[in-house]
Amino acid sequence: MGAAEESPAGPAVGREQATAAGRPGGPSAEESIRRSRRGDRPGVRDLLRAAAEDVSPLSGTGAGEHDPGLLLALARVGGTPCVVLGHDRAARHGDAAPDGPGGGQPLGPAGLRTARRGMRIAAELGLPLLTVVDTAGAALSREAEEGGLAGEIARCLADMVTLPAPTLCLLLGQGAGGAALALLPADRVLAARHAWLSPLPPEGASAILYRTTERAYEIADRQGVRSADLLAHGIVDRIVEEGAEDAGAGAEGAAYDSLLARLGDTLGAELAALRAQDQDERLAARRARHRRIGLPR
């Protein structure tokens with residue numbers, strides 16, 4: 001389904017209005033990144049409370065490992081039973097700045113092995129898989145590397161692309177690094193308006209290029225990390241609007257409730273539509289989709 005076509009839950013946000021420079025319109029990269037890092041922004045647990053029923057949390061990899069950065073559960077979203085995998089922004093380091101690049105729990109190899117367990121459960125039960133991306137990045141430590149972090153990212157990517165179950169990805173907030181990319185290659189990808197995706201956190205990319213983090217937002221803008229850019233390049237299929245009021249002072253709770261309700265309705269319709277598709281056609285479309293990413297459109 002193209003970016004400007006209608007989706008099962010109604011018309012998708014089509015190609016963005018072009019700016020004078022020929023790029024899609026919408027909020028700047030800096031605005032979206034800052035909003036995605038707000039300490040009060042809802043995460044996967046808030047989404048499940050607002051939009052899911054019959055939630056049954058599952059713990060760990062099944063082999064004695066546990067990573068607080070990843071939530072795994074069975075749930076019913078919009079009436080459709082599914083397996084949910086989500087980066088858990090509530091599992092935050094106590095010393096991390098809520099609006100800084102270190103905010104949120106980094107995902108280690110055990111979290112990715114938990115994710116792969118969830119993928120296996122979806123395949124075995126014949127249930128759709130919903131992944132929720134909201135991460136400041138993978139763990140940057142000697143222990144994570146020795147624990148097989150890079151290999152687990154690669155295996156997650158391979159499992160997501162080849163999984164027989166229907167797959168739906170929601171970019172809910174931050175989408176930094178391999179921890180985000182590992183849960184991305186789904187049949188359909190949705191994004192909240194202020195969600196974003198980058199192979200590196202903007203601060204890391206700025207430090208590599210300029211030996212300073214002060215040009216992070218400039219780099220992010222050039223990378224095209226915004227939801228509008230992702231839609232224009234075919235990485236995202238649909239944007240769920242947040243509304244200007246969703247970051248307004250004094251009304252955050254009600255505004256975020258409205259966002260979560262919209263996400264719940266959209267996810268439910270998308271999951272039901274994916275489950276109704278012919279499996280062979282769906283898998284062929286998924287392979288074609290990911291072969292096209294990065295090619296001229």
Side-chain angles (χ1 to χ4, degrees), residues 1 3 7-9 12-13 36 42-44 47-48 51-52 69-73 75 77-78 80 82-89 107 111-112 114-116 118-119 121-123 127-135 137-138 153 155-199 225-227 229-231 233-240 260 262-275 277 282-283 285-290 292-293:
M1 181 177 290
S7 73
V13 174
S36 75
V44 63
L47 178 65
L48 289 178
L70 190 114
L71 178 144
L72 170 61
V77 178
T80 299
C82 61
V83 177
V84 180
L85 291 175
H87 296 112
D88 189 2
R89 67 184 283 124
L107 200 64
L112 293 169
T114 302
R116 293 180 61 219
M119 296 173 198
I121 291 172
L127 294 176
L129 176 73
L130 170 62
T131 67
V132 182
V133 173
D134 189 7
T135 179
I153 291 173
R155 282 184 278 272
C156 273
L157 287 166
D159 288 353
M160 282 289 292
V161 170
T162 59
L163 194 72
T167 53
L168 177 65
C169 175
L170 169 66
L171 296 177
L172 182 58
Q174 298 186 84
L181 299 177
L183 303 187
L184 181 73
D187 294 312
R188 291 272 293 172
V189 181
L190 311 183
R193 170 57 73 180
H194 291 294
W196 54 276
L197 182 71
S198 174
V225 305
R226 306 174 307 152
S227 60
D229 298 316
L230 300 173
L231 180 70
H233 288 95
I235 296 170
V236 159
D237 298 293
R238 184 179 188 189
I239 294 173
V240 179
L260 292 172
R262 289 194 292 274
L263 287 171
D265 292 343
T266 305
L267 292 171
E270 294 277 357
L271 287 168
L274 285 170
R275 199 178 191 193
Q277 288 182 8
R282 179 173 46 76
L283 293 176
R286 185 196 300 167
R287 290 192 293 270
R289 169 199 181 93
H290 294 291
R292 289 195 302 267
I293 289 178

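Side chains included, hydrogens not; waters and symmetry mates left out as well; all remaining heavy atoms used.
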Quiz item: Distance from H194 atom NE2 to Q174 atom CD, nearest 0.5 Å?
Solution: 14.0 Å
Practice problem: Side-chain contact test, heavy atoms from C-beta onward, threshold under 4.5 Å: evaluate it for L47 versus V84 and give yes or no. | Solution: no
Quiz item: What's the shortest heavy-atom distance between A52 and V77, and which atoms?
Solution: CB-CG2, 4.1 Å
Exercise. Over all heavy atoms of both residues, which pair between G264 and A51 is shortest? Give the atoms and the distance, please.
Key: CA-CB, 3.4 Å
Practice problem: Report yes if some heavy atom in the side chain of T131 is under 4.5 Å from a heavy atom in the side chain of T167; otherwise report no. | Solution: no
Self-check item: CA sep, side-chain torsions, deciding dist, call: L172, R89, side chain to side chain contact (heavy atoms under 4.5 Å, CB included)
Solution: CA-CA 11 Å; L172 182 58; R89 67 184 283 124; over 6 Å; no
Exercise. Go through the steps to decide whether L129 and L85 satisfy the test side chain to side chain contact (heavy atoms under 4.5 Å, CB included), and finish with yes or no.
Key: CA-CA 8 Å; L129 176 73; L85 291 175; 3.9 Å; yes
Quiz item: Is there side-chain contact between L184 and V189, with heavy atoms separated by less than 4.5 Å?
Solution: yes
Practice problem: Taking all non-hydrogen atoms of both residues into account, name the closest pair between L70 and A115 and its distance. | Solution: CD2-N, 3.8 Å
Quiz item: Got a donor-acceptor contact below 3.5 angstrom from the R282 side chain to the P164 backbone?
Solution: yes
Exercise. Would you please test H87 and V133 for side chain to side chain contact (heavy atoms under 4.5 Å, CB included) and show each step?
Key: CA-CA 6 Å; H87 296 112; V133 173; 4.1 Å; yes
Quiz prompt | Shortest non-hydrogen contact from R289 toward R188 | solution = NH1-CA, 4.5 Å
Quiz item: Does any N or O in the side chain of R275 come within less than 3.5 Å of the main-chain N or O of P166, such that one atom is a donor and the other an acceptor?
Solution: no
Exercise. First locate atom CG of L163, then atom CG of L283, and finally report the distance between them rounded to the nearest 0.5 Å.
Key: 8.5 Å
Exercise. Tell me, please, which residues at least two apart from T80 pass side-chain hydrogen bond (donor to acceptor under 3.5 Å, both in side chains).
Key: none
Practice problem: Go through the steps for D187 and Q277 under the test side chain to side chain contact (heavy atoms under 4.5 Å, CB included), then give the verdict. | Solution: CA-CA 11 Å; D187 294 312; Q277 288 182 8; 5.9 Å; no
Quiz item: How long is the span from the CG atom in L170 to the CG atom in L130, to the nearest 0.5 Å?
Solution: 6.5 Å
Quiz item: If you take all heavy atoms of G86 and V44, which pair is closest and at what distance?
Solution: CA-CG2, 4.1 Å
Quiz item: When rounded to the nearest 0.5 angstrom, what distance separates CG in L271 from SG in C82?
Solution: 5.0 Å
Quiz item: Measuring from R238:CZ to T266:OG1, what's the distance to the nearest 0.5 Å?
Solution: 4.5 Å
Quiz item: How long is the span from the SG atom in C169 to the CG atom in L197, to the nearest 0.5 Å?
Solution: 8.5 Å
Quiz item: Taking C-beta and beyond as the side chain, do C156 and M119 meet within less than 4.5 Å on heavy atoms?
Solution: yes
Quiz item: So which heavy atom on A122 is nearest to which on A165, and how close?
Solution: O-CB, 4.0 Å
Practice problem: Would you confirm whether D237, through its side chain, and L190, through its main-chain N or O, come within 3.5 Å as a donor-acceptor pair? | Solution: no
Quiz prompt | Backbone N/O of A195 and side chain of S36: donor-acceptor pair under 3.5 Å | solution = no
